[in-house]
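Structure first, commentary second.
Whatever order the structure lists them in is the order used to number ligands and atoms, beginning at 1. Everything quoted here is computed from the prediction, not taken from an experiment. Both backbone and side-chain heavy atoms feed into the values below; hydrogens, waters and symmetry mates do not. The chain is numbered in sequence order, starting from 1.
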Amino acid sequence: MSSLAAARYGKDNVRVYKVHRDEKTGVQTVVEMTVCVLLEGDIETSYTKADNSVVVATDSIKNTIYITAKQHPVTPPELFGSILGTHFVEKYSHIHAAHVDIVTHRWERMSVDGKPHPHSFTKPGSETRNTKVDVTEGKGIDINSSINGLTVLKSTGSQFWGFLRDEYTTLKETWDRILSTDVVANWQWRRFGGLAEVKTHFEKFNAAYDAARNITLKTFAEDNSASVQATMYKMADLILSAAPLVETVEYSLPNNHYFEVDLSWHKGLKNTGKDAEVYAPQSNPNGLIKCTVGRAGQKAKL
Ligand SMILES: O=c1[nH]c(=O)c2[nH]c(=O)[nH]c2[nH]1
């Protein structure tokens, strides 16, 4: 005899585009998102007894996403996710939690002849702003915000030396190397009591996102990096200072290696050390460095 240990269901990959038209200026602003909503609650019988009476159809969930996008602001995504998740928990008495995942794609306003264009945009790479909102009846709203796929490279200003050396070590120490990564950074907000509380803080979400992105880029560029570990910790520390309602900041950074190519075999061509100009970018394997940084007194479990 078996029993259902956990269950959630909903609609994934709901693609939504919303335009805002400023009638006075003629300037239009667009938002494109991919949304996932999964519900939890007293839905066990739909799995164990073929009882569909407890099922809010995933098609209805998709419709609700469109209607909510029409009737409410879709930015910041933390607020939109809270409005959407709260709807399901309040509307259906047997639904006790809603998990909303939003991927916001970047559309940047086009510059034409040096001027921002009123209604044309470009997509700069695969970077997205991701938001997870968990609305749980009787508990509140947990929000995690993130930057994903922000690819960066610096051609100097990065070192890596003093690491443990033993019979497994071949890596040479370096005082000047290329550093490149695809930034995944996320920050967990302290729990909000409910939608009303999220609304009172709504201006903090875009501010934290802008701060986190700027801190990531500025620290990456300006830090004379001793290692990925040391640089990412500085980034996380600065984000915690900039956003008081954030409890933890997490980074996950691949180390996208660029190897020197020894060309001395060809007519004594010098292309290593201070003479290195041509490098071979590596796809794999890659280092992967992660950390979660909390506030002192709330030490993250290691
Ligand atoms: O910044 C780095 N951290 C490491 O842990 C590591 N390991 C390695 O081989 N290269 C690097 N670089």
Side-chain angles (χ1 to χ4, degrees), residues 124-130 144-188 208-209 211-243 246-265 269-296 298-302:
S126 57
E127 184 191 345
T128 57
R129 171 178 177 176
N130 297 6
N144 189 279
S145 309
S146 72
I147 296 166
N148 278 262
L150 169 60
T151 300
V152 289
L153 177 148
K154 65 194 294 187
S155 52
T156 188
S158 167
Q159 320 183 10
F160 188 60
W161 50 268
F163 49 87
L164 190 154
R165 296 204 82 83
D166 61 14
E167 66 275 28
Y168 293 96
T169 314
T170 54
L171 187 70
K172 286 195 188 124
E173 296 186 308
T174 178
W175 283 261
D176 186 7
R177 67 173 180 174
I178 294 164
L179 186 60
S180 176
T181 189
D182 312 310
V183 177
V184 176
N186 69 75
W187 48 102
Q188 182 70 36
Y209 173 78
R213 196 169 184 279
N214 289 338
I215 286 166
T216 300
L217 295 178
K218 187 171 159 68
T219 309
F220 180 82
E222 293 182 354
D223 186 38
N224 187 3
S225 174
S227 64
V228 174
Q229 286 89 331
T231 299
M232 74 206 297
Y233 183 81
K234 288 181 188 176
M235 293 172 178
D237 180 53
L238 288 167
I239 294 172
L240 284 171
S241 300
V246 166
E247 285 187 339
T248 52
V249 177
E250 196 175 331
Y251 272 90
S252 176
L253 302 181
N255 191 354
N256 297 335
H257 305 298
Y258 287 70
F259 286 174
E260 286 187 3
V261 187
D262 185 351
L263 297 175
S264 60
W265 54 272
L269 216 48
K270 290 183 177 161
N271 191 54
T272 56
K274 65 175 180 22
D275 299 310
E277 288 177 294
V278 173
Y279 292 78
Q282 305 294 300
S283 310
N284 55 61
N286 59 274
L288 179 60
I289 322 283
K290 293 171 176 260
C291 71
T292 305
V293 182
R295 297 182 187 280
Q298 305 173 348
K299 205 163 185 288
K301 281 188 197 124
L302 292 177

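Protein neighbours of ligand 1 below 4.0 Å, counting non-hydrogen atoms: F160, L171, R177, S227, V228, Q229, N255, I289.
Closest heavy-atom contact between L240 and V293: CD1-O, 3.7 Å. The nearest pair of heavy atoms linking F259 to Q282 is CD1-CD, 3.5 Å.
Judged purely by atom type and a 3.5 angstrom limit, N286 has no side-chain atom pairing as donor or acceptor with the backbone of H257.
Shown here are the side-chain hydrogen bond (donor to acceptor under 3.5 Å, both in side chains) partners of R213, two or more places apart in sequence or in another chain: E127.
Under the 3.5 Å distance criterion, with hydrogens and angles disregarded, a donor-acceptor pair is assigned to the side chains of D176 and T156.
Looking only at side-chain heavy atoms (C-beta outward), N271 and E277 come within less than 4.5 Å of each other.
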